[in-house]
Amino acid sequence: MTDLRVRIAPSPTGAVHLGLCRTALFNWAYAKKRGGKFILRIEDTDRTRSTEESERAIVEGLRWLGVQWDEGPDVGGPHAPYRQSERAEGHGKQAVSLLGSGHAYRCFCTPERLAEVREAQEAAKETPRYDGHCRGMDGAESQRRADAGEPFAIRFLIPEGSTTIHDLVRGEVTFDHKEIDDWIMARRDGTPTYNFVVVSDDVAMEISHVFRGEEHLVNTPKQLLLYQAMGYEPPRFAHLPLMLGKDRKKLSKRSGDTSLGDYIANGYPKAAIVNFLCLQGWALDGETEVFDVDTFVEHFDIENVQKAGAVFDIDKFRWLSADTIRRMDVAELSQEVAPFVIQAGQMTADEIADRRDWFQRLVAGEQERIDLFSEFPPRVRPFFEADDAVTFEDQAEAGARKHEGRVETLGRFADWLRGRDASESAEAMAAAVKDWVKEEGLKFPALFQPLRCALTGMAGGRDLFDCIELLGRESALARIEAGQKRLA
RNA sequence: GGCCCCAUCGUCUAGUCAGGCCUAGGACACCAGGUUUUCAUCCUGGCGACGGGGGUUCAAAUCCCCCUGGGGUCACCA
């Protein structure tokens, strides 16, 4: 049996799309489970659109996700180089040999002529396709014109017949060759095109399985024919269902954020991103929604991949994020949330380190209240405001003002608080205050709403005695005093 | 439009390949209760689907055909 080798071959032409991430995850998991190799190859055949920056983003993004490649442009490997633009030599030789064997031919048609043909076909409501103008050209003439320096592209000659794909998720799919154009393998400038290099490089890198998005299904017969022409055994193919937007069309920027970077910036935990992506087109057992990446690797099989497209459900993604956050331990969550706090200018990295316990306590109180890391800073804003300038949100202030004796109640509470042992825990205080409220003949909201407003300016949130402890008694008392004035 | 793919709750899906265990299971969302100092968490319950029509069969969500619907693709992009 030949070695199991899979690859992901992204083109570095933009942000790291979630679809790429999912395809990478599926390929990687498949290889990992079976002891195969996972290869990263940069498909930069489009020199004008490819950028180094994008390549860097892909390498960083996929690495962040946790998929590790055994061979790639950054780590090298036995089949280097792993950047297609650096493999031109092999491509050129193959094109020439295909020309010699009659599987390909020179096409001297100008882009202008091709455009005219296409326009005429469209006007006649025909399917646009190459009209085969140069297909039957005499070999000698072709050679003569080439020698004379006339520019030409190289087209692959599609023979008569049909091709059947044995797709691992879709079964057999047959294409009549009449439907396939004599496609261009090499442009007039000599550079090879995708359908050509992808086959050439997959052969060179001994790729055994090609798992990619469904949009590539119709390319597959072209590639299969090329494998045949070159005399190589093709890999096994599997076409993954597309990830769809709310509009049920291929997920694109129109329907929302599509790049990995967007979700990282929005504070989705890595585990949630991975988990969610795994659920797009695949399910563990239909019952278990939450699982880690090791479990995914353990259970993933290409045969169990869904055929129908999967609509990207942001609500479920968000829920998965929230669930992941709730299950983290506080130290870990603190670390994840710290960059967002720093970015918001609330604390510096040093301050976070110096006040580690305080910070973790701050985080612990929000663990069940945030769905995304990015939601943390706005929720703890009051803890970074001046005691006499806490931002009162409308709802909080309105709630506080409902209570007639609010100013007096706050005053009496302040007195009560001053009388408590300064080292008393928040838990003990919370218990004690209930008795006090009863003694005072108050209802809970009559104290808690004005108090919460004075302390945090918010209508809801963590336990108030937790707030007091976080603030420190002095600051808490200052806020109550300021609140008495502001709520008068 | 041609070709190709697909079709279970609004969404992600289990069940389909090996027809009966399915009066179709889980999750998100939504609704209603409960817990709670608020918010949130959490718990309980509810709503909710085999696109339609023909077959095959004792029996079909599962097999076959047609229709309908959705998607992909038709570049000297990948």
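We name chains A, B, ... by the order of the sequence lines, and we start the count at 1 in each one.
As judged by a 4.0 angstrom heavy-atom cut-off over every strand, A:E366 is placed among residues making no nucleic acid contact. Residue A:G399 is out of contact with every strand shown, counting any heavy-atom pair closer than 4.0 Å. Across all strands shown, A:K250 has heavy atoms under 4.0 Å from sugar-phosphate atoms exclusively, and none from any base. Counting non-hydrogen atoms under 4.0 angstrom, A:F175 reaches the backbone sugars and phosphates but no base. A:V173 comes within 4.0 angstrom of the backbone, heavy atoms only, and of no base. Residue contacts shown for A:E43 are limited to sugar-phosphate atoms, with no base heavy atom under 4.0 Å away. Looking at heavy-atom distances under 4.0 Å, A:T127 makes contact with a base. A:T174 comes within 4.0 angstrom of the backbone, heavy atoms only, and of no base. Counting any heavy atom pair closer than 4.0 Å across all strands shown, A:I184 reaches a base atom. At the heavy-atom level, A:R49 lies under 4.0 Å from base atoms of the strands shown. Counting any heavy atom pair closer than 4.0 Å across all strands shown, A:C109 reaches a base atom. A:R248 comes within 4.0 angstrom of sugar-phosphate atoms only, judged by non-hydrogen atoms across all strands, and of no base. Residue-level contact check: A:K307 touches the backbone only, with heavy atoms under 4.0 Å from sugar-phosphate atoms and none from bases.
Distances shown here put every side-chain N or O of A:Q306 at or beyond 4.0 Å from the OP1 or OP2 atom of B:rU8. Contact annotation: A:R326 side-chain N/O to B:rC42 OP1/OP2 distance is under 4.0 Å. Phosphate contact (OP1/OP2 of B:rG2, side-chain N/O of A:K178, threshold under 4.0 Å): absent. Residue A:T45 has a polar side-chain atom (N or O) positioned under 4.0 Å from OP1 or OP2 of B:rA78.
Looking at A:R369, its side chain comes within 3.5 Å of the base of B:rC39 through a donor and an acceptor atom. For A:E179 against B:rG2, a side-chain-to-base donor-acceptor contact under 3.5 Å is absent.
When both pairing distances are held under 3.5 Å, B:rA7 makes a Watson-Crick or G-U pair with B:rU68. Under the Watson-Crick or G-U wobble criterion, with both distances below 3.5 Å, B:rC17 is left unpaired in every strand shown. Pairing for B:rC39 is absent, judged as Watson-Crick or G-U wobble with the two contacts each under 3.5 Å. Base pairing analysis places B:rU62 opposite nothing; no Watson-Crick or G-U wobble pair with both distances below 3.5 Å involves it.
Comment: A:E385 engages A:R381 in a salt bridge, judged by a side-chain N to carboxylate O separation of less than 4.0 angstrom. With respect to the salt-bridge test (charged N to carboxylate O, under 4.0 angstrom), the residues A:R135 and A:D182 qualify.
Here the two rings, on A:F38 and A:Y30, have centers that are 6.0 Å apart or farther. For A:Y194 and A:H216, the ring centers sit closer than 6.0 Å to each other.
Closest approach of A:A204 to A:R87, counting heavy atoms only: CB-NH2, 3.2 Å.
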### Query
In B/S/- notation, 5' to 3', how is nucleotides 29-36 of chain B contacted by protein heavy atoms closer than 4.0 Å?
--------
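Inspection of the A:N27 and A:H209 side chains reveals no N or O donor paired with an N or O acceptor under 3.5 Å.
Here A:H239 does not pack flat against the base of B:rG72, since the 5.5 angstrom centre distance and 30 degree tilt limits are not both met.
No cation-pi contact links A:R145 to A:F152, judged by a cut-off of 6.0 Å to the six-membered ring centre and 45° from its axis. Both the sub-6.0 Å distance and the 45° axial angle are satisfied by A:R22 relative to the ring of A:F26.
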